[in-house]
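Right, one structure below, let's go through it.
Values below: all heavy atoms of this structure, side chains included; hydrogens, waters and symmetry mates excluded. Residue numbers run from 1 in the order of the sequence given. One-based numbering, in listed order, for ligands and for the atoms of each.
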Amino acid sequence: MAKLIITAAICGAEVLKEHNPAVPYTIEECAREAKSAYDAGASIIHLHVRNDDGTPTQDKKRFKDVMDAIYKLCPDVIIQPSTGGAVGMTNDERLQPTELIPEMATLDCGTLNFGGDDIFENTENTIKYFGTKMIERGIKPELEVFDKSMIDMALRLGKKGFIQSPMHFDFVMGVNGGISGELRDFVFLRGSIPADATYTVAGVGRYEFPLAAAAIIDGGHVRVGFEDNVFLSKGVLAKSNGELVAKVVRMAKELGRDIASPAEAREILGIKAK
Ligand code: KMH
Ligand code: ZN
């Protein structure tokens, strides 16, 4: 079985210090959280950035500053900027970090309700536009799917040349508006991707660690981090993203799965080294 790639989604766009005081906003806080995750065993940092007051931004300079600060502490880590950003942002606003030519970036594969009146909008034309930009810029997309229909959309657009194979998916499970985080739905998603595809699973809230266990056993990969969950266990806030990653490392050890270094993660995902 391939080694386990752990992605740390260190900050997200919605989670706040009110939820967990360790949620990073500033450049220094983001670098600190990325290092804690990297030291614990993460090879990929899924990155959103914030202004110092915590508001989400896709500003290219802010991304560059945060990425530079992370590379200073974790020189070989893979940084995967979000192109999802936050609800309500325009496509070109969201695409700004891809101008920095990161090794990876997310590509969200459909529209969904995102709580209350919020809609996270990704029309077919948006997905085509983002897919084309990523091919032009040589960026490996992580295909974020919040429901089974989004896998089907990715496969259709793959046939039309907007997304290249082998595809790498992120099953984001348990969002209010997307597919649940139940094991039954995990089995459905992982059985719906092509044989040559890879996947990671991001379980939201209480689904984070049960789904991590499922992916470890199944040969998939795992994403954890404050973007998805701020608790280490029921009622216990994680002190850092590193604590969440360390828990996955312990689970993997118990289940006999070795952890991938960033170089090994690049090999598994078919990413050429920088
Ligand atoms: N913040 C969500 C609206 C991504 O990173 O690509 C979108 C999101 C997905 O987090
Ligand atoms: Zn994200």
Identity and distance of the protein heavy atom lying nearest [atom]:
atom	value
atom 3 (C) of ligand 1	Glu14 OE2, 3.5 Å
atom 8 (C) of ligand 1	His48 CE1, 3.9 Å
atom 5 (O) of ligand 1	Ser82 OG, 2.7 Å
atom 9 (C) of ligand 1	Asp108 OD1, 3.3 Å
atom 10 (O) of ligand 1	Glu227 OE2, 3.0 Å

- Query: Under the criterion side-chain contact (heavy atoms from CB on, under 4.5 Å), which of Ile179, Asp152, Asp185 is the partner of Asp147?
  - Reply: Ile179

- Task: Say whether Pro56 and ligand 1 are in contact under the criterion: heavy-atom distance to a ligand atom below 4.0 Å.
- Result: no

- Query: Quick one: does Glu142 get a heavy atom under 4.0 Å from ligand 1?
  - Reply: no

Would you call [X] and [Y] a salt bridge, taking side-chain N to carboxylate O under 4.0 Å as the test?
X	Y	value
Arg32	Glu28	no
Glu103	Lys272	no
Asp65	Lys60	no

- Nearest heavy-atom neighbours spanning Val248 and Leu4: CG1-CD2, 4.1 Å

- Is there a donor-acceptor pair closer than 3.5 Å between any side-chain N or O of Thr111 and the backbone N or O of Glu121? no

- Item | Sidechain-backbone polar pair: Glu29 side chain, Thr26 backbone, donor-acceptor under 3.5 Å | yes

- Item | Separation of Met251 CE from Arg257 CZ (nearest 0.5 Å) | 11.5 Å

- Message: Is there a polar contact between ligand 1 and Ala86, counting only N or O atoms under 3.5 Å apart?
- Response: no

Using a strict cut-off of 4.0 Å, indicate which atoms of ligand 1 neighbour a heavy atom of [X].
X	value
Thr106	4 (C), 5 (O), 6 (O)
Gly84	4 (C), 6 (O)
His46	5 (O)

- Minimum-distance atom from the Zn ion (ligand 2) among N, O or S atoms of Glu227: OE2

- Note on the structure: Atom name of the N, O or S atom of His46 nearest to the Zn ion (ligand 2) is NE2

- the Zn ion (ligand 2) to nearest N/O/S of Glu144 below 2.8 Å: no

- Item | Asn241-Tyr38 side chain donor-acceptor pair, cut-off 3.5 Å | no

